[in-house]
Amino acid sequence: MLLLLIGASRAYSNNSYPINSPYPYSEASKNTLFSHYDEQPKHLDPARSYSAPEQVFISQIYEPPYQYNYLIRPYKLEPLSASEDILAEYYDNHNNKLPTAATNKIAYTVYTIKIKQQIYYQPHPAFTRDINNNFLFHNLDKKTISKFTSISDFDLNRKNTISTRELEAADFIYAIKRLSDPKIQSPIYGFMSNYIYNLTDINKLLLVDNQADKFINLNDKKYDIDGLKLIDRHTYQIKIKGNYPQFIYWFAMNFFAPIAWEVDKFYSQEGLKAQNISMDTYPVGTGPYMMTVNKPNQQIVLEKNPNYNLKTLQGIYPISGMPGDKEVGLLSKAGQKLPFIDKVIFNLEKESIPVWSKFLQGYYDSAGISSDNFNQAITVANNNFGLSEEMQEKGVKLIRAMEPSIFYWGFNMLDPVVGGYTEKQKKLRKAISIVFNVEEYINIFLNGRGKVAHDPVPPVIMGDEDKDKGLGFNTHVYIDKKTKKSLETAKQYLAEAGFKDGIDPKTGQQLIINFDAIMSGEADESALFNWLREQFQLLNIKLNIRATQYNRFQEKMRQGTAQMFFWGWSADYPDPENFLFLFLCKQGKVNNNGENAANYCNQKFDKLFDQMQNTNDVQAKIKVINQMIQLLQDDSPWIFGLSTESYLLQHAWNDPVKPLTIGNNNLKYRSINPKERVAYQIKNNQPITWPLIIFVLVIMAILLPVIISYYKKTRNPPSRI
Amino acid sequence: MWRYILKRLMFAIPILLGVNIITFTLFFVVNSPDDMARIHLGAKRVTQEQVQQWKVAHGYDKPLLVNNAETGLKIITNTLFVDQTIKLFMFEYGVSDTGRNISYDIKHRMWPSLAIAVPALLLGLVINITIAMLMIFFRGTYIDNIGSVMCIVLMSISTLFFIIGGQYLFARTLNWFPISGYSEGFLALKFIALPVLVALISSVGLEVRWYRNLFLEELHKEYVNTAKAKGCSHSAILFKHILKNAMIPILTTVIIVLPHLFLGSLLLESFFGIPGLGSYTIEAIHQQDFAIVKSMVFLGAVLYIVGLILTDIAYTLVDPRIKFE
């Protein structure tokens, strides 16, 4: 079998190329990046996709009007398909233009976006038309459609045809209108309809019109609304209610990326869905890459979009960055046209072991580190994390990045025991916060990959330098940034809360707190639960863990029956508002089905939030944010938990990269040296054949006496009865 | 025979209906349509109105089993259960809750599953029966004893160990095979070799012991004594008489598993990156995709029934004494 394999492998590859390579030599030696994904993308339609694993793909294909600068930190918006910075104009109730956003008179805001000219969509059958402008693939019959199994099956190279078209401002409006289509079920429709004028009108119209089961062109005048206005071929306006300064960040998300009506029309053809060809499987954009293969349970392939940077400069590598970027080689490609990689092959890998092995063999260009492999990859000396000797010998590089997310242990503020706003009630939560050893949690369960949070805003969103002196840490729980208040203090707080020595005066028994957890099925789940119980035991509080499936957990949260819980939030955009809004009264999960899982409600906080929204001055805004943080630290609706840190390993043949933790369109900046990769693969994967010889000898040694015995036995017939 | 088959197929209808009722009830006891909507719409910023619209769009807005708002037969027919079940009997699986065509996915995913399962089954049959027969041939000798001990050792080791060990030894240390992956056509050989090898090794212990016991049982039957009395050789008794008579239980087992080969192996496919059907149902359960869950359970039940009918037919072919009644 092995010989057969060697033969088969040699037949299609370079002679010295390893037989255990999952790819042919012809692919490995090209400018192709090999990557992996562990979760099949459910939706690739930009109106539907909201999860990180899906964004990895569509962010390379679609280009919304704005993006985050690849090198500048803190994150800064810059035009992508837009040609200039966004223009925001504010109006009062009488349609008078206001000179500034710093006022509470704003009735509505109008954003004007100008897009670059001469941007072209990727080649796609939706655009294929002849010289008379007749679309070739818009009215296919079922029989013809049944022959197509992939988007690559459509012939785009017919004579006198064209398979692209220029990007227009109308496509952006079309995409926003699609968010309201009940057929599409966009997760942000509800949210956007609160802001964009009359978006709900389209939804109502479509609820009726969709019943006809035919393609609906949302460019039709019938679907024009006050909130979306086409100014000219390359300019459009969005009108939103009131003042929502963070709305600009939504322009950097794929929900606001352009959709051509032709694409919608093409995919609406009956029969294509049955072949799994839809906007959800083959997205169509103007970005640097296009999806050519989508077998979600096996492999997804992105290839360079030949129309990118074709007639206008859509994307170049940044020419400046942060201090130190040049020294680490991040500016070596400054000003060059993007993208650098021709093809990206993503393989589905559900288990971490094959990923790690393939990375070590050189068959993946980069990989994360699972807890199983942490000790092999990383060494810890004096609390500093570095690459192990083995990794250093292989030339592997470690890239660390703080994630813009927070994980916290929350108290249900509506609960009579752990909730409430009196000093007594706050003291219970503070006592628990003091004994809760988040540092230990990070070390045990995250291999040290995280940073203790002192407030809800992750450091990558708002650094300590912006937080007031003394408020870089939670003064209610810590003595200084690293030292917690003593156990005695916690016990004193507990006594002041009315639970002296952990005894509930109502029952005369040990205080019992219920902790609602999500069953993960992970190997360390029971260790985690034991660890949690130990934290509370320090105060002689009994923790009752109620582990359920995620949907039951969510139901409990909606009903407010949970007492304590663990949850997280990942940033949509790099603004403290995106974390502070989690504490607004109107966001209360129980009363308003919002995102405020702790059901925290403090009018003072809400007022400060409004003040923050209406403040243009950066310093004044920071001051208000600090006041809000102070209030939260005092009320302690959360044990503020932690922000995680991602560790990425890259082989030496990868050019330096800077982690882009918000936005995901970083593939276009990556570059590799395939020759170096092939050399590494050949060096590290030569088959060891001597065990095969030993194996054959051992088998012969076993079989020989058996054969001899067999012949001896067959020569003597069985004894007669 | 045809009458018998038809009768068995008619019996299959209430069985399949029962299977559907159980699947439907179990699924919706754990997941409400609201839960399903929330899983599909994502964790952020979802409103109750959107949840309702999702349910309407996917047909989950109807009552589960009884529609009290209707009259007459519609009390039963205008329900989620009937909507979701009737089409299955025409083998129309529809689309998953994420919008993918289930029939298309099943058709495409069954081939990689078969690519591992068929060679593993056939090679396993040949190798395991051969080893079992050798052990019987040398019963009571050191070969039989060592073989039996090895079988117990192999049986005691979990498949996961064989998979991880196999990947480490053959793919990472000796560099003979790719660790995981899949390719269509001739190149698939390179990717299926290691999973097939692992499947073979992990099946040896259990199957050899089972075949050995089968042969041992036959060995003590009277026709063997008659053959010995006639002076037949050891090999003739073993290969001509015992093997032939042991074919009934062997065939029964093999034929009953044949339809299930389509459904693949969860562990093997997951670790070796084989895009088969093995993980399809599990993924659907995780994603609370009822459309896939019900289709796969229905398909599994149909294949099981087909397997049983085929086994009955095989009985009559192997043993002429057995007649259809």
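Here is the naming used below: chain letters follow the sequence lines, and residue numbers restart at 1 for every chain.
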A.B. asks: Does any backbone or side-chain atom of A/Ser278 lie under 4.5 Å from a heavy atom of chain B? Answer side chain, backbone, both or neither.
C.D. replies: neither

A.B. asks: When you measure from the side chain of A/Asn685 to the backbone N and O of A/Gln361, does any donor-acceptor pair fall under 3.5 Å?
C.D. replies: yes

A.B. asks: Check whether A/Trp690 gets within reach of chain B through its side chain, its backbone, both or neither, counting any heavy atom under 4.5 Å.
C.D. replies: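 No part of A/Trp690 comes within 4.5 Å of chain B.
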
A.B. asks: Stepwise, does the salt bridge (charged side-chain N to carboxylate O under 4.0 Å, His left out) test hold for B/Arg45 with A/Asp572?
C.D. replies: CA-CA 11 Å; B/Arg45 304 178 193 274; A/Asp572 292 309; 2.7 Å; yes

A.B. asks: Would you call the rings of A/Tyr364 and A/His36 parallel, tilted or perpendicular if under 30° counts as parallel and over 60° as perpendicular?
C.D. replies: tilted

A.B. asks: Would you mind checking if B/Lys55 and B/Glu49 are paired as a salt bridge, meaning a charged N to carboxylate O distance below 4.0 Å?
C.D. replies: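 Salt bridge between B/Glu49 and B/Lys55, a charged N being under 4.0 Å from a carboxylate O: no.
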
A.B. asks: May I ask you to name which of B/Gly181, B/Ser270, B/Gly273, B/Ser235 has the most heavy-atom pairs under 4.5 Å with chain A?
C.D. replies: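 The candidate making the most pairs under 4.5 Å is B/Ser270.
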
A.B. asks: Does any heavy atom of chain B fall under 4.5 Å from the side chain of A/Asn684, the backbone, both, or neither of them?
C.D. replies: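 When you check distances to chain B, only backbone atoms of A/Asn684 fall under 4.5 Å.
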
A.B. asks: If you count heavy-atom pairs under 4.5 Å with chain A, which of B/Thr47, B/Ile146, B/Thr98, B/Leu174 comes out on top?
C.D. replies: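 With the most close heavy-atom pairs to chain A, the winner is B/Leu174.
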
A.B. asks: Determine the interplanar angle of the A/Tyr23 and A/Phe34 rings, folded into 0 to 90°, and report it as parallel if under 30°, tilted if 30 to 60°, perpendicular if over 60°.
C.D. replies: parallel

A.B. asks: By a 4.5 Å heavy-atom criterion (distance strictly below it), what part of A/Trp356 contacts chain B: side chain, backbone, both, or neither?
C.D. replies: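 Interface part for A/Trp356: side chain.
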
A.B. asks: Which of the residues B/Tyr182, B/Phe272, B/Trp54, B/Phe137 is involved in the greatest number of heavy-atom pairs with chain A at under 4.5 angstrom?
C.D. replies: B/Phe137

